[in-house]
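Reviewing the structure listed below.
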Number of protein chains: 2
Amino acid sequence: MGVKERRAREKEQLQQQILSAARELFVNEGYENVSMRKIANKIEYSPTTIYLYFKDKADLLDSVCKETLLNLLNTLERLKRDNTDPIETLRKSGKAYVEFGLEYPQDYKLTFVIRPQFQKGLGLQEGSVGEKVFNYLREMVSECIQQQIFHQADVETTGQVLWSAVHGVTLLLIDFPDFPWTEKDKLIDTVIETTIAGLKA
Amino acid sequence: MGVKERRAREKEQLQQQILSAARELFVNEGYENVSMRKIANKIEYSPTTIYLYFKDKADLLDSVCKETLLNLLNTLERLKRDNTDPIETLRKSGKAYVEFGLEYPQDYKLTFVIRPQFQKGLGLQEGSVGEKVFNYLREMVSECIQQQIFHQADVETTGQVLWSAVHGVTLLLIDFPDFPWTEKDKLIDTVIETTIAGLKA
DNA sequence: TGTTATACTTAACATCGTTAAGTATAATAA
DNA sequence: TTATTATACTTAACGATGTTAAGTATAACA
């Protein structure tokens, strides 16, 4: 009776194959410039096959995003495990957050900019990966406040200020690649340092 | 010999009519969901007529955004005229920037998020209104540095850090209206205060 | 060996941005 | 006033898009 299991395995493999092809194309060519036919070509199936595995193109991007956000969450939580100093963890987390956005700009923009526009409140609703990421930020900030590193005691506001800073610099770097930015790493570091310094003051 | 002038006037009127229709549709339905045919319908001309006035759909978006940016620039420059204290002007400008974004969220997103996606690098090039807005920021930061208010002497980096902060909080407030934010004005003020404090430190 | 469910494909639809060719009409010249 | 020319706009079409309905092989089962 292993037939059903094998079939299920094969389906899952193809689903993953579609997902991988879509990710690669989305990242390299941009969501709008990737057609279902292009994805189908890449995996050597007919375009309609994709619809047996994903509701539509947006669902496909949704799935790609969820995967990458899980990666981000993993990266962040690994950081927390390896570090004991909360302020240092916060620093590294901020950097990792921005770098994630720059590595997967399409995913980042869909999740944090495009999708909320059409599906209001769906980006950070309960149980979503996005919410888990913000919860991670809450925990870190909370530790910093407990150790009296930050002057202000409001976890929520402090977290939101930090998030604004990293979100802002991430999107600016993504959206205006030709602007004469300060060297990328220096800018990111300065944004994070400035915000932390401001919270300490 | 007023014929030519009248003709030119009529052409300009139609151009403005197209622009207005496009803005209204873009803002209400989103750039991607608005077709050239839909715009044409609204002004009761054939779709191809639009191409006699604008190179393509992206050019149309470009023009809409330029208008929006000019509005923002006007708001900011009025602020500078009324104020002498540079740090106070900076504070108020930051607040005005965010409030502009929240008052015209669709325009803001079109200009700073959607357009760069379709017209790479065209948002802040030389002579553009976007560049003028950033130049305004440069001047203000420059004055603050001259008066030795900010510790760091790098005008560019300092400006970019400030921009990241206000851009970030603006977009977060627009895109996640259902998130349990700290009270709006308090959050905006805290973001600006924190960043300025960090730059002073 | 015949039946049925599964996995995939073919063909088509409506719509998109955009271009080339064509047509009225207004302005000019005779 | 009439013929010519320039201007403003439209019609028709192209290739490509996301997506759906209908059809076809093939594998699994009775």
Side-chain angles (χ1 to χ4, degrees), chain A residues 1-23 25-26 28-65 106 110 114-115 117-119, chain B residues 1-19 21-23 25-26 28-65 110 114-115 117-120 122:
Chain A
M1 229 343 188
V3 172
K4 266 220 158 99
E5 282 80 354
R6 199 204 67 221
R7 285 251 187 166
R9 216 163 46 235
E10 280 171 359
K11 280 204 80 165
E12 207 175 327
Q13 266 173 21
L14 182 47
Q15 170 145 12
Q16 194 54 48
Q17 208 181 331
I18 296 171
L19 219 51
S20 299
R23 143 161 298 117
L25 288 170
F26 286 162
N28 288 334
E29 314 191 11
Y31 177 68
E32 298 90 23
N33 305 318
V34 174
S35 68
M36 297 301 258
R37 288 166 175 84
K38 214 182 260 181
I39 300 170
N41 254 341
K42 198 179 174 74
I43 56 170
E44 296 182 296
Y45 279 81
S46 89
T48 49
T49 300
I50 300 173
Y51 290 88
L52 302 171
Y53 294 84
F54 298 93
K55 187 180 157 289
D56 51 26
K57 198 187 172 190
D59 183 35
L60 196 46
L61 187 49
D62 251 26
S63 302
V64 168
C65 280
Q106 298 295 330
L110 175 91
I114 308 294
R115 198 170 68 157
Q117 196 169 15
F118 294 96
Q119 300 186 301
Chain B
M1 230 347 191
V3 172
K4 267 222 158 99
E5 283 79 355
R6 198 204 67 221
R7 285 250 186 166
R9 217 164 43 235
E10 282 172 359
K11 280 204 79 165
E12 207 175 324
Q13 267 173 20
L14 182 47
Q15 170 147 12
Q16 194 55 48
Q17 209 180 331
I18 296 172
L19 218 52
R23 143 158 293 123
L25 288 170
F26 286 163
N28 288 333
E29 313 191 10
Y31 177 69
E32 296 100 307
N33 303 318
V34 174
S35 68
M36 298 300 258
R37 286 164 177 86
K38 214 182 261 182
I39 299 171
N41 254 340
K42 197 177 174 76
I43 58 170
E44 297 181 295
Y45 278 82
S46 88
T48 48
T49 299
I50 300 173
Y51 290 89
L52 301 173
Y53 294 83
F54 299 93
K55 190 179 156 289
D56 51 25
K57 196 186 173 190
D59 183 35
L60 199 44
L61 176 60
D62 232 36
S63 302
V64 168
C65 289
L110 276 179
I114 307 296
R115 187 175 79 145
Q117 200 164 13
F118 289 88
Q119 296 223 4
K120 296 202 166 161
L122 227 75

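Hydrogens, waters and symmetry mates are skipped; everything else that's a heavy atom, side chains included, is used. Each chain gets a letter, A, B and so on, in the order its sequence line appears, and its residues count up from 1. Values in this document were obtained by computation on a predicted structure and should not be read as measured data.
Of the residues in residues 44-54 of chain A, those placing a heavy atom less than 4.0 Å from an atom of DNA chain D are A:T48, A:Y51, in numerical order.
Within the 4.5 Å cutoff, side-chain heavy atoms of A:Q16 are placed close to those of A:L19. You'll find the side chain of B:Y31 stays beyond 4.5 Å of the side chain of B:R115, heavy atoms only.
At the phosphate of C:dA7, OP1 or OP2 sits under 4.0 Å from a side-chain N or O atom of A:K11. For B:S35, a side-chain nitrogen or oxygen approaches OP1 or OP2 of C:dC16 to under 4.0 Å.
At most 12 heavy atoms of other shown residues, nucleotides or ligands fall within 6.0 angstrom of atom NZ in B:K55.
Taking atom NZ of B:K57 as the reference point, atom P of D:dA16 lies 19 Å away to the nearest angstrom. Atom pair A:N41:CG and C:dT9:P shows a separation of 11 Å (rounding to whole Å applied). Look at CZ on B:R37: it is 10 Å from C1' on D:dA13, rounded to the nearest Å. Note: CG (A:D59) to P (D:dT19) measures 10 Å, nearest angstrom. Whole-Å rounding puts the B:Q13 CD to D:dA8 C1' distance at 15 Å. Counting to the nearest Å, the C1' atom of C:dA14 and the CE atom of B:M36 are 19 Å from each other. One atom, CD of A:E32, and another, P of C:dG17, lie 14 Å apart when rounded to the nearest Å. Regarding B:N33, its CG atom lies at a distance of 13 Å from the C1' atom of C:dT15, rounded to whole Å.
In plain terms, the two heavy atoms of B:K57 and B:F26 that are nearest each other are CE-CE2, 4.3 Å. Considering all non-hydrogen atoms of both residues, A:M36 and A:D56 come closest at CE-C, 4.3 Å.
By the side-chain contact (heavy atoms from CB on, under 4.5 Å) test, A:Y45 is found to be paired with A:L14, A:I43, A:T49, residues two or more places apart in sequence or in another chain being considered.
Each of D:dC9, C:dT18, D:dG18 was ranked by its minimum atom distance to the side chain of B:L14; first place goes to D:dC9.
Between the side chain of B:R37 and the main chain of B:P47, no donor-acceptor pair closer than 3.5 Å is present.
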